[in-house]
Amino acid sequence: MRDFFISAESEGTMDYKKMIVAALKPALGEYLSDSEIYGKIEIPKESKMGDYAFPTFTLAKVLRKAPQMIANEVIEKIDQSQFEKVEAAGPYINFFLDKTAFGAEVLETILAQKENYGSNDEGNNGNVPIDMSSPNIAKPISMGHLRSTVIGNSLALIMNKNGYNPIKINHLGDWGTQFGKLITAYKLWGSESEVKADPINKLLEYYVRFHKEDVEKPELDDIARDWFKKLEDGDEEATNLWKWFREESLKSFKQIYDKLGITFDSYKGEAFYNDKMDEIVQLLEDKGLLKESQGAQVVDLEKYNLNPALIKKTDGATLYITRDLAAALYRYRTYNFVQSLYVVGAEQTNHFKQLKAVLKEMGFEWSDDIHHIQFGLITLNGKKLSTRSGRVVLLDEVLNDAVDLAQKQINEKNPELEGADEVAKEVGVGAVIFHDLKNERTNSFDFNLEEVVRFEGETGPYVQYSRARAESILRKAGEIAEFDQLEISDSNAWDTLKALQEFPNIVKRAADQYEPSVIAKYALGLAKAFNKYYANSKILTDDNERTARLALVKSVSIVLEEALRLLGVKSPDEM
RNA sequence: GGUUCGGUAGCUCAGCUGGAUAGAGCAUCCGCCUUCUAAGCGGACGGUCGAGAGUUCGAAUCUCUCCCGAAUCACCA
């Protein structure tokens with residue numbers, strides 16, 4: 001087994017817990033191993049109680065003494081020279097770091113590494129395809145898609161920060177029986193010019209009308225089925241219409257992705273796998289996994305405690321999972337991934353369990369590297385969003401509202417701001433993205449426009465604003481010849497320095513848990529610490545710590561910008 | 001009914017592998033712009049951590065039972 005100290009050392013940043021283990025070892029070495037000591041060290045809630053603490057409860061039994069007494073005895077025995085002080089507080093041994101040395105080291109590291117601060121190469125450049133966004137052609141992008149898009153994008157950035165090579169795949173919903181309906185509707189009521197003018201809305205209108213009218217004219221369903229059949233058989237008219245709908249839809253999707261500042265590495269959607277499913281069926285057959293059940297072809301998954309996976313319908317048509325099997329295999333062959341992520345809503349949990357189970361049954365060990373990154377539902381007035389019932393919240397509208405509001409705020413608070421339009425976009429869109437990412441992925445939330453576009457409190461604009469203030473100070477400070485003498489004696493700076501030091505661990509945790517919210521929460525914490533410092537200490541005073549304070553401000557700006565970047569949020573220098 | 005995820009302050013949520021008086025933001029009320037951007041800072045108010053039992057020196061956190069809510073459970077994606 002690899003010694004944990006080696007890995008701790010290889011991180012490149014100072015591990016203060018390690019320092020504490022070294023200090024405690026002479027006193028506790030005969031009762032606890034290094035890693036046991038390391039594991040017990042905790043961070044007190046309040047900084048009054050020190051920066052790290054070691055609870056002595058566990059030793060009480062072995063030593064048959066009261067924890068308080070043990071704490072008192074231990075501090076007598078250990079070398080305290082590395083710390084500002086070490087004190088026994090009841091059953092705890094509290095360690096106070098040498099603040100100036102700690103601060104100087106953190107600042108020096110950040111200023112040297114700049115935006116690379118917090119990066120690591122844990123991923124070894126391994127490929128990680130990320131299935132994300134994946135809207136359906138001819139349907140508008142709603143708040144529901146925002147989650148997958150924004151979480152996927154952030155995870156791509158986080159994985160990259162951890163040394164992986166993410167590949168963002170927009171698995172478009174560009175195939176299925178709905179295209180038969182769409183073509184039917186278009187042929188009956190549509191026109192080329194209408195679609196060109198406003199593709200998504202018009203196509204949606206046709207689709208909705210189809211569903212309205214087919215209640216009374218069931219023959220429409222037959223026509224639609226025929227058209228889809230034609231499409232499957234490669235009929236020229238059907239194929240051309242399909243291609244055209246797809247292109248027009250994609251164009252309007254891209255406008256939204258532009259607003260969000262998100263790009264993709266692949267737009268291979270469901271249709272791409274049309275000719276790749278036969279192989280899957282064949283493989284399943286060869287391995288004897290396919291069974292007939294009620295006229296359909298299924299893979300039994302009882303040993304996984306799952307329902308059978310339906311591979312082929314009674315009529316011989318394939319299903320969603322068949323396509324996803326083909327996609328999974330294609331991605332494995334194409335990217336030889338170390339992990340394959342699917343940022344898809346929690347309602348599809350069962351599907352992904354089945355997908356992984358079938359792949360496992362097929363003998364593909366890499367099934368274990370597939371992770372369903374699920375997220376909670378966005379509801380409207382407590383109900384699930386649904387295009388057909390008209391209960392939709394269009395993402396584009398939300399983004400526009402947010403940008404308008406940001407514009408209004410700028411007019412009020414900073415009317416002289418140059419490039420106000422651009423800043424309004426960055427702030428408005430940033431608010432929406434941040435709102436989506438600040439809470440744990442799996443939480444569901446009910447859509448509330450006021451909350452989404454809020455700029456005060458724990459929001460994206462709060463973080464942006466904090467950094468803009470930092471930048472403003474730096475502008476006023478002018479050129480700094482050289483950052484040396486980085487010791488800061490001001491205790492108001494302490495929380496900020498500690499937060500800065502935490503960033504590399506936060507980056508790792510976010511990747512381990514596939515949780516952008518870890519970064520968002522961190523950004524809020526750092527911004528908060530900095531605002532407090534800003535409010536209580538004058539930075540641009542001419543004394544011998546001025547450079548050190550500016551180094552702190554610069555470091556805060558660097559790390560906040562980087563944290564926001566990992567969320568896909570921009571950092572305006574002024575706002 | 002089975003499975004999964006939730007239930008923490010009026011509202012929205014934190015709380016890392018169990019640890020020192022349970023934390024934020026919003027809302028409400030009160031202070032702070034002759035100092036670096038008030039999209040800010042400080043303070044007040046506010047909680048039987050769904051209920052009960054268990055493990056433990058110690059439980060919001062782990063185990064079990066129950067209550068409540070959501071998602072899902074083969075021919076949609």
Side-chain angles (χ1 to χ4, degrees), chain A residues 39-40 42-46 49 53 55 57-58 60-61 66-67 89-92 94 134 136 173 175-178 270 293-298 305-315 317-321 323-324 344-351 353-354 374 376-377 379 382 384 406 409-410 412-414 417 427 431 435 438-440 442-446 448 450-451 454-466 468-477 505-506 509 512-513 517-518 521 524-525 527-528 531-541 549 553 574-575:
Chain A
K40 290 277 177 227
E42 53 189 75
I43 296 170
K45 298 181 226 184
E46 291 180 53
M49 302 187 282
F57 301 103
T58 30
K61 240 181 212 168
Y92 290 88
N94 291 337
S134 312
N136 292 321
W175 200 255
T177 49
Q178 73 267 27
E270 293 176 358
S293 169
Q294 299 170 31
Q297 296 289 314
V298 305
N305 198 19
L306 294 167
N307 303 311
L310 240 183
I311 303 295
K312 267 188 166 181
K313 300 202 281 189
T314 330
D315 65 6
T318 56
L319 284 126
Y320 187 48
I321 193 161
R323 203 170 288 273
D324 259 355
V344 181
E347 67 271 19
Q348 291 195 35
T349 302
N350 206 52
H351 166 72
K353 279 186 183 165
Q354 288 188 322
Q374 53 178 280
L377 222 55
T379 52
K384 202 171 162 176
Q409 299 249 6
I410 290 169
E412 271 173 40
K413 300 181 181 190
N414 197 354
L417 181 63
V427 172
H435 174 266
K438 82 171 168 184
N439 289 134
E440 228 174 294
T442 50
N443 291 357
S444 295
F445 67 88
D446 200 59
N448 177 333
E450 275 172 51
E451 233 164 72
R454 179 165 284 163
F455 298 159
E456 285 157 22
E458 294 177 328
T459 64
Y462 172 82
V463 179
Q464 291 173 318
Y465 177 71
S466 309
R469 296 218 290 192
E471 280 298 308
S472 174
I473 292 177
L474 293 170
R475 274 194 304 277
K476 293 210 160 108
N505 285 327
I506 294 294
R509 222 171 80 204
D512 288 346
Q513 301 175 4
S517 70
V518 168
K521 297 237 172 67
L524 287 169
K528 197 168 188 178
N531 279 325
K532 200 169 175 176
Y533 172 64
Y534 177 101
N536 292 305
S537 295
K538 178 83 180 159
I539 292 155
L540 289 175
T541 305
R549 286 193 301 270
V553 175
E574 283 181 77
M575 61 186 273

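Worth saying up front: this structure is predicted, and the values here are computed from it rather than measured. Naming: A, B, ... by sequence-line order, numbering from 1 per chain.
As a whole-Å value, the separation of A/H351 NE2 from B/C75 P is 14 Å. Taking atom NZ of A/K538 as the reference point, atom C1' of B/U35 lies 4 Å away to the nearest angstrom. Summarising the geometry, the separation between CD on A/E451 and P on B/A24 is reported as 19 Å, rounded to the nearest angstrom. Atom pair A/M49:CE and B/U21:P shows a separation of 8 Å (rounding to whole Å applied). A straight line from CD of A/E347 to P of B/C73 spans 10 Å, rounded to a whole angstrom. Distance A/I321 CD1 to B/U72 C1': 14 Å, rounded to the nearest Å. If you measure from atom NZ of A/K45 to atom C1' of B/A60, you get 11 Å, rounded to the nearest angstrom. If you measure from atom CZ of A/F445 to atom P of B/A70, you get 18 Å, rounded to the nearest angstrom.
In this structure, the nucleotide among B/C13, B/U21, B/C26 sitting nearest to the side chain of A/R454 is B/C26.
Partners of A/K61 under the side chain to side chain contact (heavy atoms under 4.5 Å, CB included) rule, at least two apart in sequence or in another chain, do not exist in this structure. A/R323 is linked by a salt bridge (charged side-chain N to carboxylate O under 4.0 Å, His left out) to nothing, counting only residues two or more places apart in sequence or in another chain. Partners of A/T349 by side chain to side chain donor-acceptor pair (under 3.5 Å), not counting sequence neighbours: none found. Partners of A/E412 under the salt bridge (charged side-chain N to carboxylate O under 4.0 Å, His left out) rule, at least two apart in sequence or in another chain, do not exist in this structure. Scanning for side chain to side chain donor-acceptor pair (under 3.5 Å) contacts around A/T318 gives an empty result, with sequence neighbours left out. Checked against side chain to side chain contact (heavy atoms under 4.5 Å, CB included), A/T314 has no partners two or more places apart in sequence or in another chain. A/F445 pairs by the ring pair (Phe, Tyr, Trp, His ring centres under 6.0 Å) definition with A/H435, not counting sequence neighbours. Applying the salt bridge (charged side-chain N to carboxylate O under 4.0 Å, His left out) test to A/E471 and every residue at least two apart in sequence or in another chain returns A/R467.
Distances shorter than 4.0 Å separate some side-chain N or O of A/K476 from OP1 or OP2 on B/U37.
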Every protein N/O lying under 3.5 Å from an N/O of nucleotides 39-42 of chain B:
from	atom 1	to	atom 2	distance (Å)
B/A39	OP2	A/K413	NZ	3.1
B/A39	O4'	A/K413	NZ	3.1
B/G40	OP1	A/G457	N	3.2
B/G40	O2'	A/R469	NH2	2.6
B/C41	OP1	A/Y462	OH	2.7

Strictly under 3.5 Å: I want the nitrogen or oxygen pairs between protein and nucleotides 54-58 of chain B, one per line.
from	atom 1	to	atom 2	distance (Å)
B/C57	OP1	A/K61	NZ	2.7

Each nucleotide N or O in nucleotides 2-10 of chain B that has a protein N or O under 3.5 Å away: list the pair and distance.
none

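One N or O on the side chain of A/Q354 and one on the backbone of A/N307 form a donor-acceptor pair closer than 3.5 Å. Of the possible polar contacts, none joining the A/K353 side chain to the A/L306 backbone as a donor-acceptor pair under 3.5 Å is found. In this structure a side-chain-to-backbone donor-acceptor pair under 3.5 Å is present from A/N536 to A/K532.
No hydrogens or angles considered: nothing links the side chains of A/Y465 and A/N531 as a donor-acceptor pair under 3.5 Å. No side-chain donor from either of A/S517 and A/N439 sits under 3.5 Å from a side-chain acceptor of the other.
Nearer to the 5' terminus of RNA chain B, by closest-nucleotide assignment, is the contact made by A/S293 (compared with the other of A/G176 and A/S293).
Straight-line distance between the C1' atoms of B/C32 and B/U56: roughly 48 Å, to the nearest whole Å. Taking atom P on both B/U37 and B/A24, the two are 28 Å apart, rounded to the nearest angstrom. Across B/G46 and B/U12, the matching C1' atoms stand 15 Å from one another, rounded to whole Å. Comparing the C1' positions of B/G7 and B/G15 gives an interatomic distance of 15 Å, to the nearest angstrom. For B/G31 and B/G18, the P atoms lie 46 Å apart once the distance is rounded to whole Å. Across the P atoms, B/A20 and B/C62 are found 16 Å apart, a figure rounded to whole Å. Comparing the same atom, P, in B/C64 and in B/A27 gives a spacing of 41 Å after rounding to whole Å. Here, B/G23 and B/C16 have their C1' atoms 15 Å apart, quoted to the whole Å.
Residue-environment remark: NZ (A/K40) stays at or below the threshold of 12 foreign heavy atoms within 6.0 Å. Remark: A/K312 NZ is loosely packed, at most 12 non-hydrogen atoms of other residues, nucleotides or ligands lying under 6.0 Å away.
Counting non-hydrogen atoms under 4.0 angstrom, A/Q464 reaches nothing in the nucleic acid. The residue A/N94 sits close to a base: some heavy atom pair falls under 4.0 Å. Residue contacts for A/A60: at a heavy-atom cut-off of 4.0 Å it reaches no nucleic acid atom on any strand shown. At the heavy-atom level, A/T318 lies nowhere under 4.0 Å from the strands shown. Residue-level contact check: A/E270 touches the backbone only, with heavy atoms under 4.0 Å from sugar-phosphate atoms and none from bases. At a threshold of 4.0 angstrom between heavy atoms, the contacts of A/A309 with the nucleic acid are absent. Using a 4.0 Å heavy-atom distance criterion, A/L319 is classed as a sugar-phosphate-only contact. As judged by a 4.0 angstrom heavy-atom cut-off over every strand, A/P44 is placed among the base-contacting residues.
Stem analysis of RNA chain B (Watson-Crick or G-U pairs, both distances under 3.5 Å, runs of at least three) returns B:1-7 with B:67-73, B:10-13 with B:23-26, B:28-32 with B:40-44, B:50-54 with B:62-66.
No hydrogens or angles were tested; on distance alone, nothing pairs the side chain of A/S472 with the base of B/C36 as donor and acceptor under 3.5 Å.
Annotation: side chain of A/M575 is not in contact with side chain of A/F455 (no heavy-atom distance under 4.5 Å).
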